[in-house]
Number of protein chains: 2
Amino acid sequence: MPVSNKTDIVAESVVGKGPRRLRKKAAASVVVSDPSGPSSVALDLGELNELLGYSLKRAQLRIFEDFLRCVAPVKLTPAQFSVLLLLDRNPGRNQTEIAMTLGILRPNFVAMLDALENRGLCTRQRSPNDRRSHVLMLTDKGRTTLAKAKKLVADKHEARLIDVLGPRQHRAMLEMVAKLAKEL
Amino acid sequence: MPVSNKTDIVAESVVGKGPRRLRKKAAASVVVSDPSGPSSVALDLGELNELLGYSLKRAQLRIFEDFLRCVAPVKLTPAQFSVLLLLDRNPGRNQTEIAMTLGILRPNFVAMLDALENRGLCTRQRSPNDRRSHVLMLTDKGRTTLAKAKKLVADKHEARLIDVLGPRQHRAMLEMVAKLAKEL
DNA sequence: TCATAATTGTTATACGCCATATCAAATAGC
DNA sequence: GCTATTTGATATGGCGTATAACAATTATGA
């Protein structure tokens, strides 16, 4: 649910920035150790914060950490969660299809599926049509686990992101990031 | 941690570019192979595109790929570039300070510095004050390489991002992503 | 002062993710 | 039918990340 937001400057489609484009380098910095000694003041990050990829990477790491915390009760990684989601929405597909859709290489998907199957969350069955391929399906346990995970993701993880960004910026960021992933 | 690189090209073709600004779930999907056979229509991504972390991760991978392409002439990874930037802005610091600032663990920073030093881009000197630590400094070659890299980043890489997102959203995204990295 | 603790750079090591080559079984194409 | 392709799988290597441990050096406190 939309939690309270403080700075909700960004509009949905046209993202207008509040403060007029500040060209000044604000000399952003980080403290490297405790601020007692004279040599441990702060390091100048330079144009590092103007590098989208730099902050994006750090944000991504934080987000994945938060995901792991929130979904810890059902012990699913982001990758595993995405697999279960896809299996739920697309039952009966084979490994190649699921893996490709998620951008996972087939060799690397084998161990991943092994883990999920060993936990009883999904099954591999040889396809009667094509006995090379495995038909993948969620088990009942997989479905209930996915349901729990989805609730945790929505109520804890995504809620946290919305709380930090504000609902509108959260939505705007979703669209921008999807655009980048698609059009870059 | 900031930067990592890796030259990966994810094989995946996005198909439904569909209307953005859609409130309803547009059943976004991906084609998994050629659209001839009946079983290879398109996979339903479900609420995967509502997961900020999912799209963010993919965007981050694309951005790093683009960075590598653009900065290829000077052969610097995002991580190396961030180190050179920091050394330029903060000469005379030691390895611990630089590494910590970038979120790199000290053990892993050793090999990284080795590479830069072997290429003649920076130097390690034992500090006269504290003979445990190494004073890090850019060489002239390091400075000119950094200058070239900065130009490539600004003129090619960041320009590409601005081209895709538009200047306003690019800046908005920079701020949102920084906020996430900081406050999450 | 001197023994002990802490710090710095470093090595070794292990884990996870990603990528490539390759294989046997099965299927598709001709 | 013979060849080429596909599917799941194995092995392997590279890279990023994480922890433990170590020698040299410095800081700290009794």
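Reminder, nothing fancy here: chain letters follow the sequence lines and each chain counts from 1. No experiment lies behind these values; they were computed from the predicted model shown.
- Separating the CD atom of A/Gln80 from the P atom of C/dC17 is a distance of 8 Å, rounded to the nearest angstrom.
- The CD-C1' distance, from A/Glu65 to D/dA18, rounds to 13 Å in whole Å.
- Atom CD of A/Gln125 is separated from atom P of D/dG8 by 13 Å (rounded to the nearest Å).
- Among B/Leu184, B/Leu51, B/Leu56, the single residue meeting the side chain to side chain contact (heavy atoms under 4.5 Å, CB included) criterion with A/Leu161 is B/Leu184.
- Straight-line distance from the CD1 atom of A/Ile98 to the P atom of D/dA9: 14 Å, rounded to whole Å.
- In this structure, CG of A/Leu102 is placed 15 Å from C1' of C/dC18, rounded to the nearest angstrom.
- Considering only heavy atoms from C-beta on, B/Leu68 comes within 4.5 Å of B/Pro78 through its side chain.
- The nearest whole Å value for the distance from the CD1 atom in A/Ile104 to the P atom in D/dG8 is 13 Å.
- B/Val177 and A/Ala59 make their closest contact through O-CB, 3.7 Å (heavy atoms, listed as atom of the first residue, atom of the second, distance).
- Where A/Arg131 and A/Thr77 meet DNA chain C, the nucleotide closest to each residue was compared, and A/Thr77 sits on the side nearer the 5' end.
- Rounded to whole Å, the distance from CD on B/Gln60 to P on D/dG16 is 12 Å.
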Nucleic acid footprint by protein, nucleotides 4-11 of chain C - heavy-atom cut-off 4.0 Å, B for base, S for sugar-phosphate alone
--BBSSBB

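- Contact between B/Gly120 and B/Thr139 at its shortest, heavy atoms only, is O-OG1, 2.6 Å.
- One finds the CZ atom of B/Arg126 at 3.5 Å from the NE2 atom of B/His134 (value rounded to the nearest 0.5 Å).
- Scanning all heavy atoms of the two residues, the minimum distance from B/Cys122 to B/Glu117 falls at O-CG, 3.3 Å.
- Atom C1' of nucleotide D/dG8 and atom CG of A/Asn129 are separated by 17 Å, given to the nearest angstrom.
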